[in-house]
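What follows is one structure encoded as C-alpha cells, with my remarks underneath.
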Amino acid sequence: MEPVIVTKNLNLYYGHFQALKDVCLSIGERRVTSIIGPSGCGKSTLLRVFNRMNDLVEGAGVTGEVLLDGEDIYRPETDLLRLRKKVGMVFQRPNPFPISVFENIVFGLRIHHLYRRNKEMLHGIAQESLEAVLLWDELKDKLGRLATHLSLEQQQRLCIARLLAVKPEVLLMDEPCSALDPLSTGRIEELMQELKKNYTIVIVTHNMQQAGRVSDETGFMLLGELVEFGPTERIFTAPGDKRTEEYITGRWG
Amino acid sequence: MMFTPRVTQKIAFGVLLAASLVVLLPVGVVVFVILKNGLGAISWEFLTEMPRSGMREGGILPAIVGTFCLVTGALLFALPLGLFAAIYLSEYAGDNRLNRVIRLAIVNLAGVPSVVFGLFGLALFVNFFRFGASILSGSLTLGVMILPVIITSSREALESVPKSFREVSLSLGATRLQTIKHAVLPHALPGILTGTILGVGRAAGETAPILFTVAAFYLPKLPTSLFDQAMALPYHLYVLSTQVPNVEAKIRYGTALVLLAIVLLMNLTAIAIRSYFRSRKKW
Ligand SMILES: Nc1ncnc2c1ncn2[C@@H]1O[C@H](COP(=O)(O)OP(=O)(O)OP(=O)(O)O)[C@@H](O)[C@H]1O
Ligand SMILES: [Mg+2]
C-alpha cells in the first residue's frame with residue numbers, strides 16, 4: 001500500500017534551535033498513527049510540518065523532503081491553501097468560533113466559496129459533517145445556538161465536523177482529548193475508529209494508553225529525534241530501542 | 001498614635017471612598033448646573049429654528065446640523081483609514097524600524113493638543129489644499145485628531161481576538177486576508193465600534209480644531225455643500241458665552257445641555273455595545 005505521507009531526512013529549525021532531527025517516517029492511508037514522547041520533544045512541530053503551519057513561525061526553516069501522495073509539499077510551487085484543505089488540523093483546546101453551530105461548520109466552505117448560492121447543498125454538507133462526528137441527533141434542532149455554549153466534548157466534535165466539511169484526506173490531531181474528561185475522551189476515541197474508515201489520521205498524545213488503544217502505528221520522539229517508529233503492538237510490547245522502553249515502562253511503572 | 005488594624009482598615013476605606021466621591025463631585029455639579037439652568041431653554045423651537053437677533057433669540061439648529069456634519073465627515077474619513085492602519089499594524093507589520101516609527105508616531109499623535117490640530121488643519125486643508133474654511137476642512141481636521149484613538153482601540157480589539165481563531169482559519173486553507181475578514185474582524189468589531197464612538201464623541205465636543213477650519217461665528221442657514229462654512233455647538237457655546245453681550249443665561253446653558261446630551265448619548269451607546277457583546281463572548 002502506498003503511504004500518504006513520507007518524510008525523508010526532515011530537519012526543522014526555529015532560528016538556531018533544531019526542533020526536528022533527521023526524521024524519516026511513512027504514514028499509511030486510512031490508518032491511525034500516533035506520535036508520543038515527553039513534553040517539548042517536537043511532536044506538535046512534526047504535526048505542523050504536514051500542513052505547513054510552521055510557516056507562520058518567523059525564522060522556522062525546513063530541510064529534507066516531506067512527500068504527500070508522492071509530491072514534496074515544501075516545493076516552492078506548492079499551493080498552500082490546497083494543501084491545508086487536504087490536510088486538516090484539530091487543535092488541543094476545542095476552538096469553535098463564537099458564532100452559531102451552523103456557521104461554524106460551513107466556515108471552510110464559505111472561505112473556499114463553495115456552494116455560495118446553494119443553501120440546500122450547504123445544509124446537506126453541514127448535516128453530513130455533523131453525522132460523521134455523531135452530533136447530528138443532538139444538535140439538529142440547535143444549529144442556531146452559539147457554538148461556545150456547547151459542552152467541551154461537543155465543541156471538539158464540532159471542530160472536527162468543521163474540518164470534515166472541507167473534505168480533507170488527512171486529519172492531524174494535536175492532543176485532541178487533553179481538555180476532555182475520561183468519558184468524553186473514550187467517545188472521541190471511538191469516533192476516531194469510525195473516521196479511520198475514510199481518513200488518514202495522525203494524532204499526538206501524551207497518553208500512552210490512548211496511543212495503544214487508537215493507533216495502528218506509533219512513533220516515539222525524544223529531543224527532536226524520531227527514536228522509533230513501527231506497529232503500535234510492537235512498540236509497546238517489544239520496543240527496539242532502550243530509550244523507548246524506558247519511556248514506556250517509566251510512565252507505566 | 002496607634003490604631004488597631006480594624007480601625008486602620010476603616011480609615012483607609014473612608015479615604016478611598018472620599019476620593020471617589022470627590023471625583024464624582026464635579027461631574028455631578030456640572031450636570032446639575034447645566035440641567036437646572038438649561039432645561040428651561042429646551043423646546044421644539046430651540047432645537048429646530050435658526051438663531052435670531054444676533055443669537056439672543058431663536059434656536060440653535062444650524063449649530064446642531066453643523067456638528068452633525070462635522071462628526072459624520074470625521075467618521076467617514078477616520079474610520080476606514082484608522083481601521084486599515086490598525087489591521088496593517090496588528091496583522092501584517094513585523095517588528096522593523098518603519099513599523100516602530102509608525103507606532104511611536106501614533107502614540108505621539110494622541111498627545112498633541114487639539115489647538116495644534118486646528119493650526120495643522122488651517123495650514124494643510126484650508127490653505128495648502130485650498131478647501132477654505134469649510135465643512136470638508138473641519139471634518140478632515142477632526143478626523144486626523146481622532147485617528148490615533150481609532151487606531152489604538154482597533155488594534156487593541158484586533159489583538160484581543162484569540163490567536164487560535166487565526167490558526168483555525170489558516171489551517172482550513174484560508175488566506176491571510178480571508179482570515180482577517182472572516183475570523184478576526186467580526187470578533188473585533190464591538191471593540192472597534194466602541195473606540196470609534198468614543199473618538200467621535202470627543203470630536204463632537206472640541207472647539208480648537210474647528211476654530212480656524214470651519215466654524216462660522218453667526219450663520220443662520222443650513223450648509224448646502226462640503227465647501228460651506230458651518231456653525232458648530234462647541235464654538236457656538238464659546239461665542240455665546242464670551243463674544244455676544246446680553247445673552248440670556250438659559251440659551252447658553254441650553255446649548256451646553258444639547259452638546260452634553262449628544263456626547264453623553266454617544267458614550268452610552270459605546271458602553272451598551274461593549275456590554276452587550278461582552279455578555280455574549282466567551283473564549
Ligand atoms: N515558535 C517556536 N519558536 C521557537 N521554538 C519553538 C517554537 N515552538 C516550539 N519550539 C520549541 O521546539 C521544541 C518542540 O516543541 P513542540 O511544541 O513541538 O513540542 P511538543 O512535543 O509538542 O511538546 P508538548 O508535549 O509540550 O506539546 C520545544 O523545545 C519548543 O521550545
Ligand atoms: Mg505539543
Side-chain angles (χ1 to χ4, degrees), chain A residues 44 47-48 50-59 79-100 103-114 146-150 155 158-168 170-174 179, chain B residues 87-100 102-103 154-195 272-283:
Chain A
S44 300
L47 207 60
R48 284 158 177 266
F50 301 143
N51 61 351
R52 286 187 58 176
M53 285 296 276
N54 287 320
D55 290 22
L56 302 178
V57 178
E58 232 168 291
D79 181 347
L80 254 190
L81 307 183
R82 257 195 53 212
L83 168 69
R84 289 184 184 153
K85 195 161 166 272
K86 203 159 147 182
V87 183
M89 185 157 224
V90 177
F91 296 79
Q92 188 165 353
R93 278 208 64 80
N95 50 10
F97 296 110
I99 51 182
S100 73
E103 282 304 319
N104 262 288
I105 307 173
V106 300
F107 182 89
L109 301 177
R110 296 214 193 278
I111 292 286
H112 295 289
H113 303 296
L114 295 169
L146 207 56
T148 38
H149 287 171
L150 302 176
Q155 289 187 24
L158 180 64
C159 291
I160 299 175
R162 174 173 65 188
L163 180 55
L164 298 186
V166 299
K167 308 236 182 297
V170 181
L171 309 181
L172 308 174
M173 303 188 168
D174 195 347
Chain B
I87 290 176
Y88 170 75
L89 288 173
S90 77
E91 304 293 319
Y92 286 98
D95 192 30
N96 59 35
R97 181 170 295 177
L98 172 69
N99 295 321
R100 276 201 297 274
I102 295 178
R103 291 190 179 114
S154 302
R155 267 187 64 194
E156 272 166 21
L158 289 168
E159 274 156 24
S160 76
V161 175
K163 206 169 137 236
S164 71
F165 289 15
R166 298 174 177 83
E167 278 197 325
V168 173
S169 173
L170 292 168
S171 81
L172 285 166
T175 61
R176 296 264 301 262
L177 193 63
Q178 285 174 324
T179 298
I180 292 168
K181 188 173 152 211
H182 295 285
V184 180
L185 260 189
H187 307 293
L189 211 53
I192 294 170
L193 278 183
T194 311
I273 292 178
R274 196 165 42 193
S275 56
Y276 173 72
F277 282 99
R278 199 170 276 165
S279 70
R280 273 178 51 115
K281 103 174 167 193
K282 202 175 105 188
W283 58 64

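Note on naming: letters A, B, ... go to the chains in the order of the sequence lines (proteins, then strands), and numbering restarts at 1 for each one.
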remark   = When A/Asn51, A/Leu81, A/Leu163, A/Leu109 are each screened for side-chain contact (heavy atoms from CB on, under 4.5 Å) with B/Leu172, the one that passes is A/Leu163
note = Interface check, chain B: of A/Ile111, A/Val90, A/Val166, A/Leu172, most non-hydrogen pairs under 4.5 Å belong to A/Ile111
ask   = Using non-hydrogen atoms only, which part of A/Pro96 is less than 4.5 Å away from chain B: side chain, backbone, both, or neither?
value = backbone
request  = Please look at B/Thr179 and chain A and tell me whether the side chain, the backbone, both or neither of the residue comes under 4.5 angstrom of a heavy atom of that chain.
outcome  = neither
message = Do B/Pro186 and A/Phe97 make a side-chain contact, defined as non-hydrogen atoms from C-beta onward lying under 4.5 Å apart?
response = no
task = Compare all side-chain heavy atoms of A/His113 with those of B/Gln178 and state whether any distance is below 4.5 angstrom.
result = yes
query = Does a sphere of radius 6.0 Å around CZ in B/Arg103 hold more than 12 heavy atoms from other residues, nucleotides or ligands, not counting ones at 6.0 Å or beyond?
reply = yes
note = Of all heavy-atom pairs linking A/Arg84 and B/Leu170, the shortest is CD-O, 3.1 Å
query = How far apart are the closest heavy atoms of B/His187 and A/Ile99, and which atoms are they?
reply = CE1-CG2, 4.0 Å
key: B/Lys181, NZ atom: more than 12 neighbouring heavy atoms under 6.0 Å   = no
key: Atom CZ of A/Arg82 with >12 non-hydrogen neighbours under 6.0 angstrom   = no
note = When the 4.5 angstrom heavy-atom criterion is applied to A/Leu56 and chain B, the contacting part is side chain
ask   = By a 4.5 Å heavy-atom criterion (distance strictly below it), what part of A/Arg48 contacts chain B: side chain, backbone, both, or neither?
value = side chain
key: Spacing of A/Arg162 atom CZ and B/Ser171 atom OG [to the nearest 0.5 Å]   = 7.5 Å
task = State, with a plain yes or no, whether a side-chain heavy atom of B/Glu167 is found less than 4.5 Å away from one of A/Asn95.
result = no
